[in-house]
Amino acid sequence: MPADDGNLILTEDNHDCIVADYPEAAAFFKRFIGSYELINGAFRWCLFLKEEDRAQWEQIPSIVQHVEACRAFRLKSKRAATVESAAIPWRFAGLTTPDPVAALVIPRVSSERRLYVPMAYVNADTIVGDSAFLVPNATHYHFGILTSRLHMCWMRLTAGKLKTDYRYSRDLTYNTFIWPTATPEQQDEITALAEEILYKRQFYMNKTLAELYNPETMPDDLKQAHADLDSAVERLYRPEPFADDEERTTFMLQLYAAAVRAEQEKEQKKKKPARAASTKARKSKAK
């Protein structure tokens, strides 16, 4: 979360002007994307500054100007946490990954018309805004499970809504999803099918994820790649195919309910020895 009044996130023109005047400034910029940019094939630039490099970036007047403007904005805020962050105006107010890594990005908001939420990988040179989620160091196996139809059915059940669009939830969707138990060989199969999806996308580099995952314009070979992955993921859960999405959703709900019961039983077993010891202590004291 920037809390910067537009001083840490810049347009491409702003970025180009600064780098043209001060070529050394290029080292202090990273690409910046949120849900909109990821889905629509765009990006902005952000200043990604570290205190240990302060001696270098403070020599660049344009960067200092943006930092000081960010400080002034935060000091005027009525939000205590934002005012506190004025002490470090060169960095985002909410920074969950101080050292960016390659990650799988899941848009927070996606059209209800899409069968799949468009997901994509970014490298460590890209900062992800708080309008999207990221799964650091996600493998292609992770991508395969998360982009599967079963996960999409779970998302539609648990996600919130922004008007008619789905609003993916970290706590209610991602953290409650029951992952399959898969052997190394099965994981390899899912990985290969997930990589086939990423490979097919490369044939349409001139198209955005919005176009690729629009039900009306989604290429047939990409549809088939997803269908192949869906079938393989579903076989990890049960051998017989599902009749429809309603059956998929019901099945995942049953798995979740079973997991909750198992967790409750585990907690009860932990409490029994404690209660037994307490009862024994009382009997001993009564003697």
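Values in this document were obtained by computation on a predicted structure and should not be read as measured data.
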Is a salt bridge present between [X] and [Y], judged by a nitrogen-to-oxygen distance below 4.0 Å?
| X | Y | answer |
| --- | --- | --- |
| K200 | E196 | yes |
| R44 | E37 | yes |
| D125 | R31 | no |
| K50 | D53 | no |
| E112 | K161 | yes |

Kindly compute the distance separating [atom1] ([X]) from [atom2] ([Y]), expressed to the nearest 0.5 Å.
| X | Y | atom1 | atom2 | answer |
| --- | --- | --- | --- | --- |
| E234 | C153 | CD | SG | 8.0 Å |
| Y36 | S131 | OH | OG | 12.0 Å |
| L38 | I33 | CG | CD1 | 4.5 Å |
| L222 | L198 | CG | CG | 9.5 Å |
| Y199 | L193 | OH | CG | 15.0 Å |
| S148 | I190 | OG | CD1 | 8.5 Å |

Taking all non-hydrogen atoms of both residues into account, name the closest pair between [X] and [Y] and its distance.
| X | Y | value |
| --- | --- | --- |
| P180 | I145 | CG-CD1, 4.0 Å |
| C46 | I127 | SG-CG1, 3.7 Å |
| S169 | L172 | OG-N, 2.9 Å |
| L229 | G144 | CD2-O, 3.5 Å |
| R248 | L150 | CB-CD2, 3.7 Å |
| P136 | V101 | CB-CG2, 3.7 Å |

Taking side chain to side chain donor-acceptor pair (under 3.5 Å) as the test, write out the residues that go with [X], two or more places apart.
| X | value |
| --- | --- |
| E24 | none |
| W154 | T176 |
| E247 | R238 |

Is it the case that one hydrophobic cluster holds both [X] and [Y], taking links as side-chain heavy atoms less than 4.5 Å apart, direct or via other members?
| X | Y | value |
| --- | --- | --- |
| L212 | L115 | yes |
| M152 | I39 | no |
| F203 | L209 | yes |

For the residue pair [X] and [Y], establish whether any side-chain heavy-atom pair is separated by less than 4.5 Å.
| X | Y | result |
| --- | --- | --- |
| K30 | T126 | no |
| S110 | P118 | yes |
| S111 | Y166 | no |

OH (Y256) with more than 12 external heavy atoms under 6.0 Å: no

Heavy-atom neighbours of E240 CD exceed 12 at 6.0 Å: yes

All side-chain contact (heavy atoms from CB on, under 4.5 Å) counterparts of D13, not counting sequence neighbours: T11

Worked check of side-chain contact (heavy atoms from CB on, under 4.5 Å) between F32 and F48: CA-CA 10 Å; F32 181 90; F48 197 77; over 6 Å; no

Option among F43, W45, F28 that satisfies the ring pair (Phe, Tyr, Trp, His ring centres under 6.0 Å) test with H15: W45

CA sep, side-chain torsions, deciding dist, call: D230, Y116, side-chain contact (heavy atoms from CB on, under 4.5 Å): CA-CA 11 Å; D230 292 339; Y116 304 96; 2.5 Å; yes

Step-by-step salt bridge (charged side-chain N to carboxylate O under 4.0 Å, His left out) determination, E189 to R235: CA-CA 11 Å; E189 180 188 13; R235 287 195 298 271; 3.2 Å; yes

Test your reading of the model: is there a side-chain donor-acceptor pair from [X] to the backbone of [Y], 3.5 Å cut-off?
| X | Y | result |
| --- | --- | --- |
| E58 | A55 | no |
| D4 | L8 | yes |
| T191 | Q187 | yes |

Geometric cation-pi criterion R108 and F133, 6.0 Å radius, 45° cone: yes

Reference residue M119; test side-chain contact (heavy atoms from CB on, under 4.5 Å); the match among V105, I197, V135, L104: L104

Parallel, tilted or perpendicular: rings of F177 and H151 (30°, 60°): perpendicular

Whether the [X] and [Y] side chains hold a donor-acceptor pair (N or O, under 3.5 Å, no angle test) is what I'd like checked.
| X | Y | result |
| --- | --- | --- |
| T139 | H142 | yes |
| Y213 | H226 | yes |
| Q224 | D228 | yes |

Distance flag, aromatic centroids of F242 and F251, threshold under 6.0 Å: yes

Aromatic ring proximity, centroids under 6.0 angstrom, H140 and Y121: yes

Identify all side-chain donor-acceptor contacts of residues 63-75 below 3.5 Å with residues at least two apart in sequence or on another chain.
residue	atom	partner	partner atom	Å
H66	ND1	N7	O	3.0
E68	OE1	R71	NE	3.1
E68	OE2	R71	NH2	3.1
R71	NH1	A86	O	3.4
R74	NE	A3	O	2.9
R74	NH1	S85	O	3.0
R74	NH1	I88	O	3.2
R74	NH1	R91	O	3.2
R74	NH2	P2	O	2.8
R74	NH2	R91	O	2.8

Residue pair L10, F29: steps toward the side-chain contact (heavy atoms from CB on, under 4.5 Å) verdict: CA-CA 10 Å; L10 289 75; F29 282 99; 4.2 Å; yes

Residues that, via side-chain heavy atoms closer than 4.5 angstrom, fall in one hydrophobic cluster with V109: L162

side-chain contact (heavy atoms from CB on, under 4.5 Å) between Y141 and L146, intermediate numbers included: CA-CA 9 Å; Y141 172 74; L146 291 173; over 6 Å; no

